[in-house]
There are 2 protein chains.
Amino acid sequence: MRADYATRPRGAIERLLESDRRYLSATQIHTRLDVEQARVSLATVYRTLERLHTKGTVSARVDERGETTYMLCEPEHHHHHAICRICGRVEDVPCRALDEFASALQQRYGFELDGHAMEFSGVCNTCR
Amino acid sequence: MRADYATRPRGAIERLLESDRRYLSATQIHTRLDVEQARVSLATVYRTLERLHTKGTVSARVDERGETTYMLCEPEHHHHHAICRICGRVEDVPCRALDEFASALQQRYGFELDGHAMEFSGVCNTCR
DNA sequence: CTTATTGCAAACTCTTTGCATTGGA
DNA sequence: TCCAATGCAAAGAGTTTGCAATAAG
């Protein structure tokens, strides 16, 4: 297993992700670090996000426009996301009920399910 | 309302979409038309897909890699897709149960839902 | 001192756009 | 004839990569 240096760029990126738990694009992260005077190259942002995603501490989502966005997210329990269209805040949604629904489909369509993705969008109760 | 000419490129693209109902990328479509000797520029493929998508006869989906893919799809009844990981065949899945589930969440999280996306992946009964 | 990590710039991929030309109706 | 649609090539946006310089352990 390879080493894992604690560098300034990594610290800055992880701190930012911790402070704002919504899906952010590499460019957004890069810009915000720039504002905070934490010079980090865009390439490093991409490399760090990829690493965190592989480690499993970051969830990646491709938005409607095809841009990949990232958010810190503990994957312990399988869950889905409700994303506020206004503020981008993300609500975790457990999926017990959904899993049952999925099994029913499996029976019905002879489809051997090995995955499902689901996402809700709307307006959260803060933005309402 | 603007006209809508029946041109050779459009015919070729629509015919291809009708003959293969799975999600295809613009490049895949372009390549296959090329093989069939139906010279159509990639730009036209994009423009035609966009037009069909706007008209509502084509469903667009951004895959994990961020590439947009298209498939002919009647949107009459709201439904979801089960996509075979092996052959790419798409099964329509009605979503009555799901809508109920969604409403429940709305109550629970104070989230005013205005949309949800869901997709199943696995292996269809032909590929099994 | 060793080697993982960074920054930079170039390369790549997918998609969009401007403009002159073609071709439906 | 008129204007929508096409093809081409150039431009954009997002992402990846090679390589020399830097810095962590």
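Here is the naming used below: chain letters follow the sequence lines, and residue numbers restart at 1 for every chain.
- In this structure, the nucleotide among dT15(D), dC8(D), dT6(C) sitting nearest to the side chain of Tyr46(A) is dT15(D).
- Whole-Å rounding puts the Leu49(B) CG to dC14(C) P distance at 15 Å.
- Residue Arg10(B) places no side-chain atom within donor-acceptor reach of the base of dG24(C), judged by atom type and a 3.5 Å distance cut-off alone.
- Counting to the nearest Å, the P atom of dT6(D) and the CD1 atom of Ile13(B) are 7 Å from each other.
- Under a 3.5 Å cut-off, the side chain of Thr44(A) and the backbone N or O of Val40(A) do not form any donor-acceptor pair.
- Here the P atom of nucleotide dG14(D) and the CG atom of Leu24(A) are 14 Å apart, to the nearest Å.
- Put simply, the side chain of Arg47(A) and the base of dG7(C) share a donor and an acceptor less than 3.5 Å apart.
- Between Ser25(B) and Thr44(A), it is Thr44(A) whose nearest contact on DNA chain C lies nearer the 5' terminus.
- For the OP1/OP2 pair of dA23(D) and a distance below 4.0 Å, the side-chain nitrogens and oxygens of Thr7(A) include no atom meeting the criterion.
- Between His81(B) and Tyr23(B), a ring centre-to-centre spacing shorter than 6.0 Å is recorded.
- The separation between Asp4(B) atom CG and dG23(C) atom C1' is 15 Å, rounded to whole Å.
- Under a hydrophobic-cluster definition in which Ile, Leu, Val, Met, Phe, Trp and Tyr are linked whenever side-chain heavy atoms come within less than 4.5 Å, directly or via other members, Val90(A) and Leu72(A) are assigned to different clusters.
- Side-chain contact of Ser25(B) with Tyr70(B): a donor-acceptor pair under 3.5 Å is absent, judged by distance alone.
- For the residue pair Val45(B) and Ile13(B), the shortest heavy atom distance occurs at CA-CD1, 3.8 Å.
- Remark: P of dT6(D) and CZ of Arg51(B) are 8 Å apart, rounded to the nearest angstrom.
- The side chain of Leu42(B) approaches dT15(C) more closely than any other nucleotide in the set dA25(C), dT15(C), dG7(D).
- Between the C1' atom of dG14(D) and the CZ atom of Arg65(B) lies a distance of 13 Å, rounded to the nearest Å.
- Within 4.0 Å (heavy atoms only), Thr68(A) reaches sugar-phosphate atoms of the nucleic acid but no base atom.
- For the pair Ile29(B) CD1 and dC14(C) P, the computed distance is 14 Å after rounding to whole Å.
- One interatomic measurement links the two molecules: OH of Tyr5(B) to P of dC3(D), which rounds to 9 Å at whole-angstrom precision.
- When each of Glu67(A) and Val45(B) is assigned the nucleotide of DNA chain D bearing its nearest heavy atom, the one mapping closer to the 5' terminus is Val45(B).
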